[in-house]
Amino acid sequence: MPELPEVETLARGLQREVAGRKILSVTLGKTDFIDNPELLESELPGRTIVRVERYGKFLLLRLGAEGTEESALLVHLGMTGLLMPLPVSQPQANHTHVVLLLGDGRELRYVDPRRFGRIAYLAGEVLSAELKRFGEDPLETGLEEFSRRIHGRKARIKALLLDQSVLRGVGNIYADETLWKAKIHPARLGAGLKSLEMKALYVELQKILRKAILLRGSSISDFLDAEGRPGEYQHHHRVYGREGKPCFRCKTKIRRAIIAGRSSSFCPLCQKPPRGRKKTGRSGAKRGGKK
DNA sequence: CTCGATCCCTGGACGC
DNA sequence: TGCGTCCAGGGATCGA
């Protein structure tokens, strides 16, 4: 599940590997996750990938030539997306849905079994409007702004961290890791956080994201960087995927519950639940009746 | 504004 | 070995 650190890792790798390369041709497979597939075919050939950036959980392949408008290929990896330059001779992996033949003879291939990702060619006003939908980058935001965005909200802190219009780039893993480190229960409300808690949240989020970037992200099952290597941060997870295992601080068993609609792992002792919080047993009991 | 429910999609884990 | 079932979850969307 590529979040900010994974996408940053991939963006840096792609910047090294494909920036400056020209796109010669486009071949598409399944296109139900692509905004306007025909735009890729009509707009990309002949263009140069000028620069590769991360924007939240998106990769932004900035394109040159063809008019003066700013334009870019937006790529969201969803849960299982991979984007990698490979030799043409390399057999195509299953679920390869986009292939860009590059001027250096390699192919930039997008592979995504579940197709939870998104790809879009955007230019000009449409591009800038799309980017404005998202909130601040957590690594480029000051405590003031961070605090303002969260403290004014009555939603649960877990929901706010995951909300891409509040902060761009944080996903389930790094939200849970940060809340554990800052000793804040995921069901607490944004407006309910004390200023010391807010500061801890801000500081720990940045520390965790930076450390994760240094270790090239977390590879739970799928993520690989531009050179096909997995990340290493999964070995440093403190709560994610540790349900039932002892808390690294107090040895209490890590719990998992659905909070703000997402699976959330936390320490029930270190991370004090908000007062009046409903017990999890009840809501959990009636989940069988779905479908 | 906030919530839960639903859908999208496939591979992997698990039970029998 | 081979089924069936459940689950993972980011994001869009809809109704309450």
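All chains are named by letter (A, B, ...) in the order of the sequence lines, taking the proteins before the strands, and each is independently numbered beginning at 1. In this text, all values refer to a predicted model and were calculated from it rather than measured experimentally.
When the nucleotides B/dC3, B/dC9, B/dG11 are ranked by their closest atom to the side chain of A/Ala155, B/dC3 comes out on top. Proximity note for A/Asp32 (side chain, C-beta onward) versus C/dA12, B/dC9, C/dG10: the nearest is B/dC9.
The phosphate of C/dG10 (OP1 or OP2) has no side-chain N or O of A/His76 nearer than 4.0 angstrom. For B/dT10, one of the phosphate oxygens OP1 or OP2 lies less than 4.0 angstrom from a side-chain nitrogen or oxygen of A/Arg115. Between B/dG11 and A/His95, a contact under 4.0 Å exists linking OP1 or OP2 to a side-chain N or O.
Residue A/Gln164 is in sugar-phosphate contact alone, with no base atom involved, counting any heavy-atom pair closer than 4.0 Å across all strands shown. Contacts of A/Tyr240 with the nucleic acid, taken as non-hydrogen atoms under 4.0 Å apart, involve only primed sugar atoms and P, OP1 or OP2. Within 4.0 Å (heavy atoms only), A/Ser263 reaches sugar-phosphate atoms of the nucleic acid but no base atom. Among the protein residues, A/Asp112 comes within range of no part of the nucleic acid, since none of its heavy atoms lies under 4.0 Å from any strand.
With centroids closer than 5.5 Å and planes inclined by less than 30 degrees as the test, A/Phe116 and the base of C/dG9 pass as a stacked pair.
Side-chain N/O atoms of A/Arg114 and base N/O atoms of C/dG9 include a donor-acceptor pair closer than 3.5 Å.
Per the geometry, NZ belonging to A/Lys57 stands 6 Å off P belonging to C/dG10, to the nearest Å. Rounded to whole angstrom, the span from the CD1 atom of A/Ile259 across to the P atom of B/dT2 amounts to 17 Å. Rounded to whole angstrom, the span from the CG atom of A/Asp163 across to the P atom of B/dG4 amounts to 14 Å.
For A/Arg256 and A/Phe266, the positive end is not near the middle of the six-membered ring at less than 6.0 Å and at most 45° from its axis. Taking the ring centre of A/Phe134 as origin, the terminal cationic atom of A/Arg168 falls outside the region bounded by 6.0 Å and 45° from the ring axis. In this structure, A/Arg242 is not positioned above the aromatic face of A/Trp180 in the sense of NZ or CZ being under 6.0 Å from the six-membered ring centre and within 45° of the axis.
Salt bridge present: A/Glu130 and A/Arg118 bring a charged side-chain N and a carboxylate O closer than 4.0 Å.
Taking the six-membered ring where the residue is Trp, A/His236 and A/Tyr233 present parallel rings, their angle staying beneath 30° rather than reaching 60°.
If A/Asn94 and A/Leu189 are placed on DNA chain B by their nearest nucleotide, the residue sitting closer to the 5' end is A/Leu189. Residue-to-nucleotide proximity on DNA chain B shows that, of A/Ala159 and A/Arg262, the 5′-proximal contact is made by A/Ala159.
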